[in-house]
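Have a look at the structure below before the remarks.
Numbers here simply count residues along the sequence, with the first being 1. This one's a predicted model, so the numbers in the text were calculated from it and none came from an experiment.
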Amino acid sequence: MSALHLISIGPGDLREMTPAAQAALTQAQIIIGYQGYLDQIAHLLHDGQKIQESQLGQEMNRAREAISLAQSGQTVAMISSGDIGIYAMASPIFDVLREQGWQGDKPQVVVHPGISAIQAGAARLGAPLGHDFCTISLSDLLTPWPVIERRVEAATWGDFVIGFYNPRSQKRDWQLDKAVEILRQHRQPATPVAIIRNVTRSDETIQVTSLGEFDTTVVDMFTLVLVGNSQSYPIGGGMATPRGYQKEMNQEGIITQ
């Protein structure tokens, strides 16, 4: 049966890609994705498959093309790095399906989950996600900055471990500084911060520092920034967060010790 498979290829090392995702990829007739991702999976493909490259910034067009091909009777695979449902192509696909009044078939859509950058980074560090956590994209290309800022403030006040995606680029060089400014208003300077770049890839680098000493200029678009909560601690070059709170809190939920 023809279908549209939304395939997560993982954070970089294809050994982290699930067997189910690999099987769906090899069975697809058409593979659609950004060229950088297609290069990663090239050795998993075979001669009978058609490859369609798409440029960054063409996500909606890519989604429409994939849906149209699947509706025509083709078995189509749309690929994204990390988990395709996290800041990736699953969302544009379902946006287009909603526009079309999709009822769950025509085409059949199968989402194949994967390991995201925050999961892979957490595994490298130890156990930083042992308690409640959230992710926030600092890119204001699709989300207004006031909305992002409000989310950073809420997550900071709520004492979540926070993973910052899209933290800094050449054109967006102030958003991370603003987020750190908000964090420093509510968290101790010793709060551990991990700078995770190109996790699971050959040029992977991971640095654990503190909120007080965090240098944002070392961060780029290939980096995930992971900020601990009030209970997180550095350990063995990594970072961990207890499953419960060990210190007393006042009525407003603020750590008092």
message: Against V76, only a single residue in I67, I32, I31 fulfils side chain to side chain contact (heavy atoms under 4.5 Å, CB included); can you say which?
response: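 Single side chain to side chain contact (heavy atoms under 4.5 Å, CB included) partner of V76 among I67, I32, I31: I32.
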Quick check for you: to the nearest 0.5 Å, what is the distance between [X] atom [atom1] and [Y] atom [atom2]?
X: N166; Y: Q175; atom1: CG; atom2: CD; answer: 10.5 Å
X: I51; Y: I79; atom1: CD1; atom2: CD1; answer: 8.0 Å
X: Q231; Y: T191; atom1: CD; atom2: OG1; answer: 10.0 Å
X: L6; Y: S91; atom1: CG; atom2: OG; answer: 11.0 Å
X: E153; Y: R150; atom1: CD; atom2: CZ; answer: 9.0 Å
X: I7; Y: L25; atom1: CD1; atom2: CG; answer: 5.0 Å

Could you tell me whether the side chain of [Y] reaches within less than 4.5 Å of the side chain of [X], counting heavy atoms only?
X: F164; Y: T135; answer: no
X: E59; Y: M89; answer: yes
X: V225; Y: V227; answer: yes

Please confirm whether the backbone N or O of [Y] pairs with a side-chain atom of [X], one donor and one acceptor, at under 3.5 Å?
X: N229; Y: S232; answer: yes
X: D83; Y: G114; answer: yes
X: R187; Y: G228; answer: yes
X: Q52; Y: K50; answer: no
X: Q100; Y: L97; answer: no
X: Q29; Y: T75; answer: yes
X: T241; Y: P128; answer: yes
X: W102; Y: D105; answer: yes
X: H46; Y: T26; answer: yes

Donor + acceptor pair across side chains of [X], [Y] (<3.5 Å):
X: Y34; Y: S54; value: no
X: D140; Y: T143; value: no
X: N61; Y: E65; value: no
X: Q22; Y: Q27; value: no

field: Partners passing ring pair (Phe, Tyr, Trp, His ring centres under 6.0 Å) against F160 (at least two apart in sequence or in another chain)
entry: none
Whether over 12 other heavy atoms sit under 6.0 Å from [X] [atom1]:
X: R172; atom1: CZ; answer: yes
X: L142; atom1: CG; answer: no
X: Q185; atom1: CD; answer: yes
X: F94; atom1: CZ; answer: yes

- prompt: If you look at every heavy atom in S8 and A21, which pair is closest and at what distance?
  reply: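 Smallest heavy-atom distance, with atoms named: O-CB, 3.8 Å.
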With a 4.0 Å cut-off on N to O distance, would you call [X] and [Y] a salt bridge?
X: D13; Y: R201; result: no
X: K178; Y: E181; result: yes
X: E99; Y: R64; result: yes

Transitive ILVMFWY side-chain link [X] to [Y], under 4.5 Å:
X: I148; Y: L176; value: yes
X: L38; Y: I84; value: no
X: W174; Y: V218; value: yes

field: Whichever hydrophobic residues join I86 through chains of side-chain contacts under 4.5 Å
entry: Y87, I118, L125, L129, F133, V161, Y165, I196, V199, I206, V208, L224, L226, M239
message: Checking W145 now: which residues fulfil side chain to side chain donor-acceptor pair (under 3.5 Å) with it, not counting sequence neighbours?
response: E149
